[in-house]
Amino acid sequence: MVEAFAVASGKGGTGKTTSTLALGMALAEEYDVTVIDADTGMANLLFHAGLDDADVTLHDLLIADRDVAVEDAVYDRFGMSVVPCGTSLTAFEAADPKRLRDVVAELAADTDVLLLDSPAALGSKSAVLPIVLADRIVVVLQPTVPSLSDGLKVQEYAHSYGTETAGVVFNRVRADEDVERIAEQAGRYFGGQTLASVPESDAVRAARRSGEPLLAHAPDDPAADAFREAAARLDVRDGDEHDVAERFRSAVVPERV
């Protein structure tokens with residue numbers, strides 16, 4: 001079985017990478033999970049996962065003349081398989097986003113859940129491809145109307161390519177914010193359920209500084225509990241890995257962005 005989820009937001013600063021790793025660790029208690037940093041232009045998952053010294057990254061797999069195997073960029077971290085992306089501007093410019101199709105297809109053959117940490121904006125092919133490749137998206141929002149609007153744009157794009165919405169995670173929620181009202185609006189407009197409301201937490205920032213995912217750094221923090229709740233509500237579908245891999249390989253790279 002395998003299902004691919006793109007973790008998306010529509011804007012930066014919502015805690016998308018924190019959410020990706022937290023969901024990954026929670027899901028890894030039941031499934032084989034592979035997390036891919038598909039934000040090839042503004043990658044930072046490697047810092048969150050303590051992989052800033054990784055020798056081989058996704059960039060190497062996307063550059064035609066690099067003689068590396070996909071398995072060389074896969075690292076066993078925190079109970080998950082993690083594929084980090086590098087931060088070099090030169091490597092980003094040399095990378096061919098279309099090669100992501102074959103990388104994801106190969107990874108799909110040996111995992112239950114693929115989580116693609118997606119770019120925040122939709123301004124290039126490399127940014128939209130993870131959303132197009134995924135079976136469903138998890139939309140990470142802050143409980144504000146502008147964030148809701150940005151998330152809706154991502155969902156509209158995803159749905160136009162047949163990618164469904166698995167649910168919404170409200171992240172970095174402060175005690176004084178009216179998340180109930182925003183969640184009610186989200187329920188009317190988004191295709192999936194509200195998976196969780198994750199409180200603002202100092203532990204998230206401390207985890208990032210330590211190079212660990214939140215659930216490894218502060219497993220008892222209320223934010224960690226909320227992410228476990230989100231993962232428990234995320235119904236993972238039983239897709240055939242060979243069919244999914246072939247779909248990835250034959251995916252049409254979107255021309256419009």
Side-chain angles (χ1 to χ4, degrees), residues 1-9 14-39 43-54 57-58 71 73-85 104 107-108 110-118 130 134-141 166-173 192-239:
M1 66 171 291
V2 64
E3 184 171 14
F5 297 93
V7 182
S9 65
T14 60
K16 190 166 42 59
T17 300
T18 293
S19 301
T20 302
L21 288 170
L23 290 171
M25 280 194 66
L27 288 167
E29 296 179 7
E30 184 176 354
Y31 303 100
D32 288 329
V33 174
T34 299
V35 174
I36 306 168
D37 190 350
D39 191 350
N44 64 9
L45 187 145
L46 73 171
F47 301 117
H48 290 246
L51 286 168
D52 47 305
D53 59 348
T57 73
L58 181 64
E71 63 185 22
V74 180
Y75 300 85
D76 185 8
R77 291 291 189 277
F78 308 103
M80 305 173 289
S81 296
V82 179
V83 182
C85 188
V104 175
L107 292 168
D110 193 31
T111 194
D112 296 330
V113 176
L114 279 166
L115 291 175
L116 302 167
D117 186 13
S118 306
D135 297 293
R136 291 187 287 169
I137 56 171
V138 174
V139 186
V140 180
L141 304 173
V168 174
V169 172
F170 286 102
N171 192 33
R172 302 183 62 183
V173 178
Q193 63 178 320
T194 297
L195 298 171
S197 177
V198 182
E200 181 78 76
S201 172
D202 290 336
V204 174
R205 290 181 284 274
R208 189 163 55 244
R209 289 193 297 270
S210 68
E212 294 180 312
L214 172 65
L215 269 66
H217 183 79
D220 298 324
D221 189 77
D225 289 338
F227 279 118
R228 289 192 194 92
E229 176 186 339
R233 290 181 175 173
L234 197 61
D235 60 310
V236 178
R237 297 172 180 173
D238 189 2

Results of side chain to side chain contact (heavy atoms under 4.5 Å, CB included) for Arg77 - residues two or more places apart only =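 Only Leu51, Tyr75, Val82 meet the side chain to side chain contact (heavy atoms under 4.5 Å, CB included) criterion with Arg77.
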Could you tell me which residues satisfy side chain to side chain contact (heavy atoms under 4.5 Å, CB included) with Asp225, sequence neighbours excluded, listed by chain and number?
->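 Only Arg228 meet the side chain to side chain contact (heavy atoms under 4.5 Å, CB included) criterion with Asp225.
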Not counting sequence neighbours, list each pair that qualifies as a salt bridge (Lys or Arg N to Asp or Glu O under 4.0 Å) and has a residue in residues 18-37.
->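 Salt bridge (Lys or Arg N to Asp or Glu O under 4.0 Å) check on residues 18-37 returns no pairs.
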Any salt bridge (Lys or Arg N to Asp or Glu O under 4.0 Å) pairs touching residues 196-206, not counting sequence neighbours?
->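 For residues 196-206, and leaving out neighbouring residues, the salt bridge (Lys or Arg N to Asp or Glu O under 4.0 Å) pairs sorted by first residue read Arg172-Glu200, Glu200-Arg205, Asp202-Arg205.
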If you take all heavy atoms of [X] and [Y], which pair is closest and at what distance?
X	Y	answer
Leu214	Ala207	CA-CB, 3.9 Å
Met80	Leu21	CE-CD2, 3.9 Å
His217	Ala203	CD2-O, 4.0 Å
Ala224	Ala218	CB-O, 3.5 Å
Leu116	Ala38	CB-CB, 4.5 Å
Ala166	Leu195	O-CD2, 4.3 Å

Val83 and Val35: CA distance, side-chain angles, deciding distance, side-chain contact (heavy atoms from CB on, under 4.5 Å) verdict | CA-CA 6 Å; Val83 182; Val35 174; over 6 Å; no
Using modelled atom types only, decide if a donor and an acceptor are shared between the side chain of [X] and the backbone of [Y] within a distance under 3.5 Å.
X	Y	value
Asn171	Thr14	yes
Thr18	Gly15	no
Thr194	Ala196	no

Any side-chain heavy-atom pair of Val7 and Val140 under 4.5 Å |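 When only atoms from C-beta onward are counted, Val140 and Val7 do touch, with a gap below 4.5 Å.
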Note, Phe227 side chain near Met25 side chain (heavy atom, < 4.5 Å) =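 Side chain of Phe227 against side chain of Met25, heavy atoms only: no contact under 4.5 Å found.
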Residue list, salt bridge (Lys or Arg N to Asp or Glu O under 4.0 Å) with Asp135, at least two apart or on another chain |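 Partners of Asp135 under the salt bridge (Lys or Arg N to Asp or Glu O under 4.0 Å) test: Arg247.
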What pairs with Asp117 under salt bridge (Lys or Arg N to Asp or Glu O under 4.0 Å), at least two apart in sequence or on another chain?
->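 Result, salt bridge (Lys or Arg N to Asp or Glu O under 4.0 Å) vs Asp117: Lys16.
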Spacing of [atom1] belonging to [X] relative to [atom2] belonging to [Y], to within rounding of 0.5 Å:
X	Y	atom1	atom2	answer
Phe5	Leu23	CZ	CG	9.5 Å
Asp39	Cys85	CG	SG	7.5 Å
Ser19	Phe170	OG	CZ	12.5 Å
Asp221	Leu215	CG	CG	9.5 Å
Glu3	Tyr31	CD	OH	9.5 Å

Can you check side-chain contact (heavy atoms from CB on, under 4.5 Å) on Asp235 and Arg136, steps first, answer last?
-> CA-CA 11 Å; Asp235 60 310; Arg136 291 187 287 169; 3.3 Å; yes
Taking it one step at a time, do Val198 and Val173 satisfy side-chain contact (heavy atoms from CB on, under 4.5 Å)?
-> CA-CA 6 Å; Val198 182; Val173 178; 5.7 Å; no
Criterion side-chain contact (heavy atoms from CB on, under 4.5 Å) against Ser81, the qualifying member of Val33, Leu107, Thr34 =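 Between Ser81 and the candidates, side-chain contact (heavy atoms from CB on, under 4.5 Å) is satisfied uniquely by Thr34.
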Would you call Arg237 and Asp112 a salt bridge, taking side-chain N to carboxylate O under 4.0 Å as the test?
->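 No salt bridge links Arg237 with Asp112.
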Would you sort out whether Val104 and Ile36 count as a side-chain contact (heavy atoms from CB on, under 4.5 Å), showing the intermediate values?
-> CA-CA 9 Å; Val104 175; Ile36 306 168; 4.2 Å; yes
